[in-house]
Trainee: 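Structure in structure tokens, see below.
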Amino acid sequence: MNSSSIEMLLQRRGAWLKGMKSDQAGAKQRESLSRMIADDYIRFENLRDLMFNLAAANTREEHDVIFENPGLVRLIDQMERVGLIHKGPLGGVGLDTKARRYLSGGWLEELVWLAAVDAGAHEALFGQVVGWQVKDYSGENEIDLIMRHGDKLAFVSCKALRSRLDIQDKKHRNRLMDAVHEADNLSDHFGQQGEKVAVVLTTDLFDELKNMPRYQALMGKAAVLDVRVIALEELVWIKLVDAFRELLR
């Protein structure tokens, strides 16, 4: 018996894909770059900020000082190699909307899609907008990743946030907690019994020295809501793929 597609399964639940096309070919082309970012995200944060500063530099002197960072030069070379940016005739670098979106978090959506495929998903879509109708009410939700295995779906929300958690930073803590609730809402709205939901975060949430979570209230809330938290320490490729295999079971 053939399984239904993601689109068909959503339609049975009063929802539908709103025609957003995943750039799967582009994600595959950028795979090495996305995995490089995930493997050294803490370092990437600084390089990303330098990249944005470089694009905004008003003088040649500002440009030259920023461009002296060898890590930034390597990142620019990698981005140029996959067609995300093009150097100007004088060595300048401009960032269009596509490049800015990738640097700001698009890479994470592409990474989780690649991991879903590697984990054995029968179908996976990233960067989707899903419309829905419940009685007289209608609306839409953005879903970063939808995976299918057989006739079961799994939903993943992605948040590219600051890597270092300062437990005193209420704004950061609230964004993390909101991410867990957002993922839970996807499960409540579109999921069915036995289907799983996860949130992928770029914040380091496990203290290896103390062998305990850095933000216990967050992990406790996620456990109560049955939301799988995949944080920075699991973005290493092998661990990420293993986590997605669990979601697909």
Side-chain angles (χ1 to χ4, degrees), residues 1-20 22 24 27 108-135 137-159 176-203 205-206 213 215-249:
M1 180 177 177
N2 293 329
S3 300
S4 299
S5 66
I6 288 175
E7 186 170 20
M8 292 173 64
L9 291 171
L10 286 173
Q11 286 175 351
R12 294 173 192 168
R13 304 173 192 193
W16 59 91
L17 298 173
K18 298 197 72 173
M20 302 295 291
S22 296
Q24 297 180 359
L108 186 57
E109 289 186 11
E110 294 186 6
L111 182 79
V112 297
W113 176 77
L114 291 162
V117 172
D118 208 46
H122 293 154
E123 185 184 4
L125 300 170
F126 68 91
Q128 297 299 299
V129 174
V130 177
W132 52 266
Q133 179 83 39
V134 178
K135 297 183 179 179
Y137 304 99
S138 60
E140 62 182 39
N141 287 76
E142 294 183 7
I143 304 181
D144 297 322
L145 178 71
I146 309 172
M147 303 184 290
R148 179 181 65 80
H149 192 271
D151 281 335
K152 291 175 64 175
L153 298 179
F155 304 91
V156 179
S157 179
C158 300
K159 299 295 179 186
L176 290 166
M177 192 66 79
D178 288 346
V180 169
H181 283 290
E182 181 181 308
D184 179 56
N185 288 340
L186 294 178
S187 177
D188 290 343
H189 203 143
F190 303 108
Q192 292 188 342
Q193 178 117 18
E195 295 181 340
K196 299 177 182 178
V197 64
V199 58
V200 178
L201 306 165
T202 57
T203 300
L205 292 176
F206 192 79
Y215 189 1
Q216 297 213 19
L218 177 81
M219 301 308 291
K221 176 61 72 172
V224 169
L225 297 175
D226 199 19
V227 173
R228 173 72 158 89
V229 175
I230 302 171
L232 182 62
E233 50 273 10
E234 286 190 275
L235 288 191
V236 177
W237 184 251
I238 294 175
K239 291 184 178 181
L240 183 61
V241 172
D242 284 344
F244 274 61
R245 286 197 183 104
E246 292 176 15
L247 292 174
L248 291 168
R249 286 177 184 164

Trainee: Flag the pair Arg245 and Asp242 as a salt bridge only when some basic side-chain nitrogen lies within less than 4.0 angstrom of an acidic carboxylate oxygen.
Mentor: yes

Trainee: I'd like to know if the side chain of Ser22 reaches the main chain of Leu125, judged simply by a donor and an acceptor atom lying under 3.5 Å from each other, with no hydrogens or angles considered.
Mentor: no

Trainee: Assign the ring pair His122 / His149 to parallel, tilted or perpendicular, where the plane angle (0 to 90°) is split at 30° and 60°.
Mentor: parallel

Trainee: Please find the pair of heavy atoms, one from Glu246 and one from Lys196, that lie closest to each other, and give the distance.
Mentor: O-NZ, 2.8 Å

Trainee: Taking all non-hydrogen atoms of both residues into account, name the closest pair between Ala27 and Leu114 and its distance.
Mentor: O-CD1, 3.7 Å

Trainee: Donor-acceptor pair, Glu110 side chain versus Val112 backbone, under 3.5 Å?
Mentor: no

Trainee: Which heavy atom in Leu9 sits nearest to a heavy atom in Arg148, and how many Å separate them?
Mentor: CD1-CD, 3.7 Å

Trainee: When rounded to the nearest 0.5 angstrom, what distance separates CE in Met147 from CG in Leu247?
Mentor: 4.5 Å

Trainee: Once you round to the nearest 0.5 Å, how far does CZ of Phe244 lie from CG of Leu145?
Mentor: 5.5 Å

Trainee: Write down the atom of Val130, the atom of Trp132, and the distance for their closest heavy-atom approach.
Mentor: O-CD1, 3.9 Å

Trainee: Give a yes or no on whether the backbone of Ala124 and the side-chain of Trp113 come within a donor-acceptor separation of less than 3.5 Å.
Mentor: yes

Trainee: Asp144 and Val200: side-chain contact (heavy atoms from CB on, under 4.5 Å), yes or no, with the steps?
Mentor: CA-CA 10 Å; Asp144 297 322; Val200 178; over 6 Å; no

Trainee: Identify the two heavy atoms, one from Ser5 and one from Glu123, that lie closest to each other, and give their separation to 0.1 Å.
Mentor: CA-OE1, 3.5 Å

Trainee: Please report the closest heavy-atom contact between Lys159 and Ala179, naming both atoms and the distance.
Mentor: CG-CB, 3.7 Å

Trainee: Can you list the steps and then say if Phe126 with Gln24 is a side-chain contact (heavy atoms from CB on, under 4.5 Å)?
Mentor: CA-CA 9 Å; Phe126 68 91; Gln24 297 180 359; 4.3 Å; yes

Trainee: Does Glu142 CD have over 12 foreign heavy atoms under 6.0 Å away?
Mentor: no

Trainee: How many angstroms lie between CG in Leu17 and CE in Met8, if you round to the nearest 0.5 Å?
Mentor: 12.5 Å

Trainee: To the nearest 0.5 Å, what is the distance between NZ (Lys152) and CG (Leu248)?
Mentor: 9.0 Å

Trainee: Strictly distance-based, threshold 3.5 Å: is any side-chain N or O of Glu195 a donor or acceptor partner for the main-chain N or O of Leu153?
Mentor: yes

Trainee: Roughly how far apart are Thr203 OG1 and Leu176 CG, rounded to 0.5 Å?
Mentor: 4.5 Å

Trainee: Can you tell me how far apart CG (Leu240) and CG (Asp118) are? Round to the nearest 0.5 Å.
Mentor: 9.5 Å

Trainee: Could you list the donor-acceptor pairs under 3.5 angstrom formed by side chains in residues 183-191, with sequence neighbours left out?
Mentor:
unit_1	atom_1	unit_2	atom_2	d
Asn185	ND2	His181	O	3.4

Trainee: What donor-acceptor contacts under 3.5 angstrom involve side-chain atoms of residues 226-233, with partners at least two apart or in another chain?
Mentor:
unit_1	atom_1	unit_2	atom_2	d
Arg228	NH1	Glu234	OE1	2.9
Arg228	NH2	Glu234	OE2	3.0
Glu233	OE1	Leu205	N	3.3
Glu233	OE2	Phe206	N	3.4

